[in-house]
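Only one structure is covered here, and it is reproduced in the block below.
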Amino acid sequence: MVGPVIRSGEEMWPPWLKPMLRTNFFMSCPVHAELTKNECNLYCLDCMGPALCTYCHSLHKDHHVVQIRRSSYHNVIRVSEVSKFIDISGVQTYIINSAKIVFLNERPQQRPGKGVTNTCQICSRSLLDSFRFCSLGCKLGGMKRDSELNFAIKPKLNKEMMQSSESDELSTPKKMRRGMEETFDEDTSQNGREGISPGTPPNVSYRISRRKGIPHRAPPF
């Protein structure tokens, strides 16, 4: 299992982060040296061991394994993969091959580009104004200067729970009104039935007044 973010003094990071940043990737796998496509570009966050190749991956099926990629001879990881486990806020992201990535380690830059107003707080690499670090390693180093900086993922309310909560809040008054209306209608109808259904039947005259008819004479003999 991937370990939780741990605290050491004023620093916070996942236990696998430092080992992953120190790992050598893109070397031929010593275990599967005789096989083709044995380049080690995978890392198991649960085992925190050496890099893995695709053949080694079969032994880590139930583990959390991420893929490391290359850009300009530097190791990178896709944001969609790493953001599941750590908070990468403050680290500049880049688009490579239509995928958003972050660099693993620092990339020092002696001379910032012309007109650059923001640089990495650790290695002075040119950055966009909205970022503080150029890599995960630089953010890790920045924790020594900023006690509030960490990799812990902030809890977020489940979208369905939020929608359900909002729905309940909106529908509750209507339900209450509807319940009150139903109770009122029932009480009204019951009272109405009691009003039109007296216990003693009304006095009704059953005598029939007959009108006198025309007198008839007796027939002659």
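Scope of the values below: all heavy atoms of this structure, side chains included, with no hydrogens, waters or symmetry mates.
Put simply, the side chain of Thr54 does not reach to within 4.5 Å of the side chain of Asn38, judged on heavy atoms. In this structure the side chain of Ser83 never reaches within 4.5 angstrom of the side chain of Glu81, judged on heavy atoms. With a 4.5 Å cut-off on side-chain heavy atoms, Leu45 and Val65 do not count as touching. At a threshold of 4.5 Å between non-hydrogen side-chain atoms, the residues Lys84 and Val66 do not count as touching. Inter-residue side-chain proximity for Gln109 and Thr119 is flagged as unmet; no heavy-atom pair is nearer than 4.5 Å. Using a 4.5 Å heavy-atom threshold, the side chains of Asn75 and Arg70 count as touching. Looking at heavy atoms from C-beta onward, Ile77 lies out of side-chain contact with Arg69 at the 4.5 angstrom threshold. Side chains of Ile86 and Trp16 form a contact here, defined as non-hydrogen atoms less than 4.5 Å apart.
Distance CD1/Ile96 to CZ/Arg78: 10.5 Å, rounded to 0.5 Å. Note that CG of Leu149 and NZ of Lys144 are 13.0 Å apart. Values are rounded to the nearest 0.5 Å. Ile95 CD1 to Thr93 OG1: the interatomic distance, rounded to the nearest 0.5 Å, is 6.0 Å. Remark: His74 NE2 to Cys134 SG distance equals 9.0 Å, nearest 0.5 Å. Met27 CE to Cys40 SG: the interatomic distance, rounded to the nearest 0.5 Å, is 8.5 Å. We find the NZ-CG distance between Lys139 and Leu17 to be 10.0 Å, quoted to the nearest 0.5 Å.
Using a 4.5 Å cut-off between side-chain heavy atoms of Ile, Leu, Val, Met, Phe, Trp and Tyr, with links allowed through other members, Val76 and Leu42 fall into different hydrophobic clusters. Under the 4.5 Å side-chain heavy-atom criterion for ILVMFWY residues, a single connected hydrophobic cluster contains both Phe25 and Met48. Leu21 and Phe103 fall into different hydrophobic clusters, where Ile, Leu, Val, Met, Phe, Trp and Tyr residues are linked whenever their side-chain heavy atoms come under 4.5 Å apart, directly or through other members. Linking Ile, Leu, Val, Met, Phe, Trp and Tyr residues whenever their side-chain heavy atoms come within less than 4.5 Å places Phe26 and Leu104 in a single cluster. Linking ILVMFWY side-chain heavy atoms closer than 4.5 Å, directly or via other members, places Trp13 and Val79 in a single hydrophobic cluster.
Scanning both residues, Tyr43 and Pro19, for their nearest heavy atoms gives OH-CB, 3.3 Å. Nearest approach of Pro50 to Thr23, heavy atoms of both residues: C-CG2, 4.4 Å. Here the closest non-hydrogen pair linking Ile153 and Asp87 is CG1-N, 3.8 Å. When all heavy atoms of Pro14 and Phe151 are compared, the pair lying nearest together is CD-CB, 3.9 Å. The heavy-atom pair separating Cys56 from Cys29 by the smallest distance is SG-SG, 3.6 Å.
A donor-acceptor pair under 3.5 Å links the side-chain atoms of Arg145 to the main chain of Gln121, judged by distance alone. The closest donor-acceptor contact from the side chain of Gln92 to the backbone of Leu128 lies under 3.5 Å. Asn97 places no side-chain N or O within donor-acceptor distance of the main-chain N or O of Ala99, the cut-off being under 3.5 Å.
With Asp46 as reference, His64 is the one residue of His60, His64, His63 to meet the side-chain hydrogen bond (donor to acceptor under 3.5 Å, both in side chains) rule.
Classification of the Tyr55-His32 ring pair by plane angle, with boundaries at 30° and 60°, yields tilted.
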Q | Evaluation steps, side-chain hydrogen bond (donor to acceptor under 3.5 Å, both in side chains), between Ser126 and Asn118 | A | CA-CA 6 Å; Ser126 302; Asn118 185 41; over 6 Å; no
